[in-house]
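Reminder, nothing fancy here: chain letters follow the sequence lines and each chain counts from 1. Predicted model, so just to flag it, every value in this text is computed and none were measured.
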Amino acid sequence: MSAQAPLPPEYFDRPTLEVARDLLGCVLMSDSPAGRASGRIVETEGYIARIDPAAHAYRGRTVRNAPMWGSPGHAYIYFTYGMHYCTNVVTEADGVAAAVLIRALEPLEGLDLMAERRGVENPQLLCAGPARLSQALGLDARLSGAPLQGPDVFIYPGEPPTEIVATTRIGISRGKDLPWRYYPVGSPWVSRK
DNA sequence: TGAATGATGTTT
DNA sequence: AACATCATTCAT
């Protein structure tokens, strides 16, 4: 028995929408003193600053969005609505601002820890939504910019879905018509149908 | 099942 | 004033 290696940084150095689709089925995992938690990625959205008014980096570089401009294969985690964190994976080459927002997971490991962090028991409510899954995995601003090869956050390869749905993105006011949200056909774990 | 709303604080 | 959200409440 051998441990699976995380996806290498080069995996993320590709067109963002391609990575957004390929990440479906992969496993996002966090390790902390509190324990391990992981889930299968079942919903993603692409954000490409150069052509996308909804991207945080659309208007240029700031302290908050700096990781989006950095090396692929790192986390970009932002604080929003006064109480929530949302987790992205940075894509494209260093100097190009783009990322994939992770919007939902199918919980796999550490459900008790997730429930404790979230304050809910219902597995359906643990990771269905970008802020929910970030809280369930203990991901916050401290990990913005962290590599996705560990030691705190990891993304492992997984079984890709047989068929993928593309829709418009959720919760934005600009760039509404771009069909850059993806999820597996029939997945019961997505944040919205 | 869906609309309305308050919780919260950072960014523009 | 807006925001890549969520939980709760109230109405269908």
note = Counting primed atoms, P, OP1 and OP2 as sugar-phosphate and everything else as base, the B/S/- map of nucleotides 4-10 of chain B against protein heavy atoms under 4.0 Å is ---BBBS
message = For DNA chain B, which residues of residues 98-105 of chain A approach it to below 4.0 angstrom with any heavy atom?
response = none
request  = Answer yes or no for A:R14 and A:Y11: cation-pi contact, defined as NZ/CZ to six-membered ring centre under 6.0 Å and angle to ring axis within 45°.
outcome  =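 Geometry flag: set, cation within 6.0 Å and 45°.
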Are [X] and [Y] joined in one hydrophobic group, where the rule is that I, L, V, M, F, W and Y side chains link up if heavy atoms are under 4.5 Å apart?
X	Y	result
A:F154	A:V27	yes
A:L7	A:V100	yes
A:F79	A:V153	yes

Distance check needed: [N] [atom2] versus [X] [atom1], whole Å only.
X	N	atom1	atom2	result
A:N122	C:dA7	CG	P	11 Å
A:K176	C:dC3	NZ	C1'	13 Å
A:L133	C:dT5	CG	C1'	12 Å
A:E43	C:dT5	CD	P	10 Å
A:R59	C:dA4	CZ	P	11 Å
A:Y85	C:dC3	OH	C1'	15 Å
A:R169	C:dT5	CZ	C1'	16 Å
A:Q124	C:dC6	CD	C1'	16 Å

A:Y47 aromatic ring stacked with six-membered ring of C:dA4, 5.5 Å and 30° =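 Taking the rule of under 5.5 Å and under 30°, the ring of A:Y47 does stack on C:dA4.
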ask   = Taking C-beta and beyond as the side chain, do A:L148 and A:P6 meet within less than 4.5 Å on heavy atoms?
value = no
message = Ignoring hydrogens and geometry beyond distance, is a side-chain donor-acceptor pair present between A:R117 and A:Q135 at under 3.5 Å?
response =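 Note: A:R117 and A:Q135 side chains miss the donor-acceptor criterion.
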query = Just wondering, are more than 12 heavy atoms of other shown residues or ligands nearer than 6.0 Å to CD in A:E163?
reply = no
request  = Kindly point out which of C:dA4, C:dA7, C:dC3 is positioned nearest to the side chain of A:R132?
outcome  =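 For A:R132, the side-chain atoms sit closest to C:dA7.
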query = Name the one of A:N65, A:L178, A:D52, A:T91 that satisfies side-chain contact (heavy atoms from CB on, under 4.5 Å) with A:Y47?
reply = A:D52
ask   = Hey, are A:D177 and A:R169 close enough for a salt bridge, meaning a charged N less than 4.0 Å from a carboxylate O?
value = no
inquiry  = At 4.0 Å (heavy atoms only), tell me whether A:A54 reaches a base, stays on the sugar-phosphate, or touches nothing.
reply    =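 The residue A:A54 makes base contact.
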request  = Could you check A:S134, A:S30, A:S144 and say which one makes a side chain to side chain donor-acceptor pair (under 3.5 Å) with A:T87?
outcome  =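 Among A:S134, A:S30, A:S144, the one meeting side chain to side chain donor-acceptor pair (under 3.5 Å) with A:T87 is A:S134.
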Toward the 5' end of DNA chain C, by each residue's nearest nucleotide, A:Y76 or A:R118 =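 Upstream on the strand: A:Y76.
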note = Paired to B:dA3 by Watson-Crick or G-U wobble criteria (both distances under 3.5 Å) is C:dT9
key: Pairing nucleotide - B:dT8, Watson-Crick or G-U, each distance under 3.5 Å   =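 Here B:dT8 is not engaged in any pair, so there is no nucleotide opposite it.
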key: Distance below 4.0 Å between A:T62 side-chain N/O and B:dT11 OP1 or OP2   = no
request  = Would you please confirm or rule out a distance under 4.0 Å between OP1 or OP2 of C:dA2 and any side-chain N or O of A:R174?
outcome  = no
